[in-house]
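The structure appears right after this line, and notes come after that.
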Amino acid sequence: MISKTTLSEIWWPLMGKEFPRLDHCAICGRTSPLNEHHIVKRSAGKLFDEQGREVAKPTITLCGIGNHGGDGSGRLYCHGKAHAGLLHFRWVGDDETGHLEHLLLTEPTDYLTALGMQGWVRTF
């Protein structure tokens, strides 16, 4: 039971999940530069549990420097792809046995549209 929230229900399945900090990008495997990406945008609102405590927003290790798009060779960093709407994440299953999936796109897409698309793959 949720006591209050300013966060859209579309994000609730991802909330409170913890993913390991990696020594490589969770998507492409690059080892540097690395950055922790908030899967649920910090600006998306807040979710509170029954006791009124704020539920943590999950992060994932992605390659990139801040929100920069790519490196000198033109290859896009995954962190930049996520902020550009080219990389999306979703939680599949219940809290105990579920898993994280990602969708990598060639055109920017909003999250709600991405959820209805084919091509999601297991991240962990």
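We count residues from 1, following the sequence as given.
Evaluated for a side-chain contact (heavy atoms from CB on, under 4.5 Å) with Trp120, the options Val92, Leu115, Leu104 yield exactly one hit, Leu115. Here the rule is side-chain contact (heavy atoms from CB on, under 4.5 Å) with Met15, and of Ile39, Thr5, Leu7 only Leu7 fits it.
Not counting sequence neighbours, Trp91 has no partner by the ring-ring contact (aromatic ring centres under 6.0 Å, His included) test. With sequence neighbours left out, Lys17 forms a side chain to side chain donor-acceptor pair (under 3.5 Å) with Asp95. Contacts of Glu36 classified as side chain to side chain donor-acceptor pair (under 3.5 Å), with partners at least two apart in sequence or in another chain: Thr59, Thr61. Applying the ring-ring contact (aromatic ring centres under 6.0 Å, His included) rule to His102 yields no partners; only residues at least two apart in sequence or on another chain are considered. Residues forming a side chain to side chain contact (heavy atoms under 4.5 Å, CB included) with Asp110 (at least two apart in sequence, or on another chain): Leu112, Thr113. Remark: Lys41 engages no residue in a salt bridge (Lys or Arg N to Asp or Glu O under 4.0 Å) (not counting sequence neighbours). Applying the side chain to side chain donor-acceptor pair (under 3.5 Å) criterion to His38, with sequence neighbours excluded, gives no partner residue. For His83, the side chain to side chain contact (heavy atoms under 4.5 Å, CB included) partners are His37, Asn67, His79, not counting sequence neighbours.
Atom SG in Cys63 sits 9.0 Å away from atom CD1 in Ile27 (nearest 0.5 Å). We find the OG1-CZ distance between Thr123 and Phe19 to be 8.0 Å, quoted to the nearest 0.5 Å. Put simply, CD on Glu107 and CG on Leu105 are 9.0 Å apart, with the number rounded to the nearest 0.5 Å. Interatomic distance, Phe124 CZ to Leu22 CG, rounded to the nearest 0.5 Å: 5.0 Å.
Cys28 approaches Cys25 most closely through the heavy-atom pair N-SG, 3.5 Å. The shortest heavy-atom contact between Ala82 and Leu62 is CB-CD1, 4.2 Å. The shortest non-hydrogen separation linking Ile65 to Pro33 is CG1-CG, 3.4 Å.
For residues 20-32, the pairs satisfying side chain to side chain donor-acceptor pair (under 3.5 Å) are Arg30-Asp71, with sequence neighbours left out. The stretch residues 78-92 participates, sequence neighbours left out, in these salt bridge (Lys or Arg N to Asp or Glu O under 4.0 Å) pairs: Arg90-Glu101. Among pairs with a residue in residues 113-123, none fulfils salt bridge (Lys or Arg N to Asp or Glu O under 4.0 Å), at least two apart in sequence or across chains.
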Quiz item: Run the side chain to side chain contact (heavy atoms under 4.5 Å, CB included) check on Tyr111 and Ile10 step by step: do they pass?
Solution: CA-CA 9 Å; Tyr111 188 60; Ile10 197 168; 3.9 Å; yes

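Between the side chain of Lys57 and the backbone N or O of Arg42, at least one donor-acceptor pair lies under 3.5 Å. Side-chain atoms of Thr109 do not come within 3.5 Å of backbone N or O of Ala114 as any donor-acceptor pair.
Tyr77 and Ile60 are assigned to two separate hydrophobic clusters, defined by single-linkage of ILVMFWY side chains at heavy-atom distances under 4.5 Å.
Under the 4.5 angstrom side-chain criterion for Ile, Leu, Val, Met, Phe, Trp and Tyr, the cluster partners of Leu76 are Leu86.
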